[in-house]
Visitor: 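Quick one: this structure, given as structure tokens, is what I'll be asking you about.
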Amino acid sequence: MNIIIEQTKEDASQKAYEIFCEAIENGAKVFGLATGSTPEMLYDKIIASDLDFSNAISVNLDEYVGLAGTHPHSYQYYMKDKLFKHKPFKECYVPNGLNDEATEVARYDQILEEHPIDLQLLGIGQNGHIAFNEPGTSFDSLTHKIKLTESTIQVNKRFFVNEDEMPHYAYSMGLASIMKAKKIILLAFGEEKAQAIKDLATVETADEAIPASILINHPDATIIVDAAAASLIK
Ligand code: GLP
């Protein structure tokens with residue numbers, strides 16, 4: 001696992017953009033994409049570029065259970081709004097929050113089986129989660145339904161106009177599925193991510209209490225952070 005510290009979020013997003021370009025030059029066609037505030041600047045750079053994704057496939061990490069893809073707080077809506085409507089992909093997959101658990105888990109695992117991810121983009125939760133794999137999730141996990149922790153609910157409810165509307169469950173790609181990606185980039189910005197980055201940077205053995213720590217066992221994982229997120233590891 002390689003850690004790159006850039007001064008600003010802008011510089012870090014630029015670095016991630018360059019890794020995207022390089023992966024595309026090397027033939028990447030299937031992109032594992034993430035939501036949240038962190039990847040927005042990278043998506044803006046992709047939109048502004050002449051990169052062509054019309055033959056590419058995207059497979060997103062997660063979705064809130066109970067939200068339709070048309071709901072403005074669903075991750076499917078986010079992806080359309082922030083990326084796909086500006087930069088068309090050939091096929092875009094996001095978990096369906098309206099499906100029952102058995103149907104969705106089987107459907108999404110099949111999608112992942114058929115479309116091995118070339119480049120996976122990740123953010124990180126303040127508690128060290130990646131996708132919605134909360135602390136304690138098995139490193140062997142595939143797609144699953146997860147109960148969000150109180151800390152994740154507190155952090156993410158700011159996105160909901162009516163905070164009580166925030167679902168307490170999500171469908172998430174599992175940690176074993178994320179690890180199958182050929183190449184992984186994790187982005188983290190801001191002081192509120194500093195503890196999670198310190199935990200990840202200093203862990204000696206991957207530990208299910210720190211979901212992101214599984215990345216230390218990946219052959220090609222790059223963590224790109226701004227100075228604020230790196231403030232506890234300098
Ligand atoms: C959510 C998503 C994660 C994301 C995290 C961080 O919990 N499920 O995939 O990495 O939020 O979000 P942000 O980038 O807004 O800090």
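Numbering of ligands and ligand atoms starts at 1, following listing order.
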Visitor: Any idea which protein heavy atom is nearest atom 2 (C) of ligand 1, and the distance to it?
Guide: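 Ranked first by proximity to atom 2 (C) of ligand 1 is Y75 OH, 3.7 Å.
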Visitor: For the backbone of L175 and the side chain of S141, can you confirm whether one donor and one acceptor N or O come within less than 3.5 Å of each other?
Guide: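 Side chain of S141 to backbone of L175: a pair is present.
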Visitor: Return yes if some donor-acceptor pair links the side-chain N/O of N133 with the main-chain N/O of I130 below 3.5 Å, else return no.
Guide: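 Side chain of N133 to backbone of I130, a donor-acceptor pair under 3.5 Å: yes, one is there.
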Visitor: Between G36 and ligand 1, does any nitrogen or oxygen pair lie at a separation below 3.5 Å?
Guide: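 In fact, backbone or side chain, G36 has no N or O that close.
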Visitor: Are any side-chain N or O atoms of K87 and backbone N or O atoms of S49, one a donor and one an acceptor, separated by less than 3.5 Å?
Guide: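 Yes, the answer is positive, given that a donor and an acceptor are paired below the 3.5 Å cut-off.
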Visitor: Flag the pair K15 and D11 as a salt bridge only when some basic side-chain nitrogen lies within less than 4.0 angstrom of an acidic carboxylate oxygen.
Guide: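 No.
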Visitor: Are the aromatic rings of Y78 and Y64 close, with centres under 6.0 Å apart?
Guide: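 No, ring centres 6.0 Å or more apart.
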Visitor: What are the atoms of ligand 1, with element, lying closer than 4.0 Å to any heavy atom of G123?
Guide: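 So the answer, numbered in order with elements, is 10 (O).
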Visitor: List the closest protein heavy-atom neighbour of atom 16 (O) of ligand 1: residue, atom name, distance to the nearest 0.1 Å.
Guide: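 Heavy-atom neighbour on the protein nearest atom 16 (O) of ligand 1: K193 NZ, 2.6 Å.
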Visitor: Report yes or no: does a heavy atom of F189 sit under 4.0 Å from some atom of ligand 1?
Guide: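 Outside the 4.0 Å threshold, so no.
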Visitor: If you have a sec, work out which protein heavy atom is nearest atom 8 (N) of ligand 1 and how many Å separate them, to one decimal?
Guide: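 Result: D62 OD2, 2.7 Å.
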Visitor: Should A131 be listed as contacting ligand 1, given a heavy-atom distance under 4.0 Å as the test?
Guide: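 In this structure, A131 qualifies as a contact of ligand 1 - some heavy atom is under 4.0 Å.
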Visitor: Any atoms of ligand 1 less than 4.0 Å from a non-hydrogen atom of R158? List them with their elements.
Guide: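 Ligand 1 atoms under the 4.0 Å threshold to R158: 15 (O).
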Visitor: Charged N to carboxylate O under 4.0 angstrom, D226 versus K9?
Guide: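 Result for this pair is no, no salt bridge flagged.
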Visitor: So, 4.0 Å and heavy atoms of H129: is ligand 1 close enough to count as a contact?
Guide: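 A heavy atom of H129 does come that close to ligand 1.
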Visitor: Do the numbers put K145 on top of the ring of Y169, so that NZ or CZ is under 6.0 Å from the six-membered ring centre and no more than 45° off the axis?
Guide: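 Yes, a cation-pi geometry.
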Visitor: Just need the protein heavy atom nearest to atom 6 (C) of ligand 1, so name the residue and atom and give the distance.
Guide: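 Among all protein heavy atoms, the one nearest atom 6 (C) of ligand 1 is I124 O, 3.6 Å.
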Visitor: Polar-atom distance check: T152 versus ligand 1, any N or O pair below 3.5 Å?
Guide: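 No - when backbone and side-chain N and O of T152 are compared with those of ligand 1, no distance drops under 3.5 Å.
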Visitor: Return the residue, atom name and 0.1 Å-rounded distance of the protein heavy atom closest to atom 4 (C) of ligand 1.
Guide: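 For atom 4 (C) of ligand 1, the nearest protein heavy atom comes out as T35 O, 4.1 Å.
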Visitor: Taking the six-membered ring for Trp, are F132 and Y171 closer than 6.0 Å centroid to centroid?
Guide: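 For F132 and Y171, the ring centres are not under 6.0 Å apart.
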Visitor: To the nearest 0.1 Å, how far is atom 14 (O) of ligand 1 from its closest protein heavy atom, and which atom is that?
Guide: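 Result: T38 OG1, 2.4 Å.
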Visitor: Kindly state whether the ring of H115 and the ring of Y93 have centres lying under 6.0 angstrom apart.
Guide: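 Centroid separation for H115 and Y93: below 6.0 Å.
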Visitor: Between F159 and H73 (judged by ring centroids, cut-off 6.0 Å), do the two rings come close enough to count as a pair?
Guide: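 Centroid distance F159-H73: not below 6.0 Å, so no.
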Visitor: Please identify which atoms of ligand 1 are closer than 4.0 Å to at least one heavy atom of F132.
Guide: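 Matching atoms, with element in brackets: 1 (C), 7 (O), 8 (N).
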Visitor: Looking only at heavy atoms, is any part of S37 under 4.0 Å from ligand 1, and if so is it the side chain, the backbone, or both, or is it neither?
Guide: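 Both parts.
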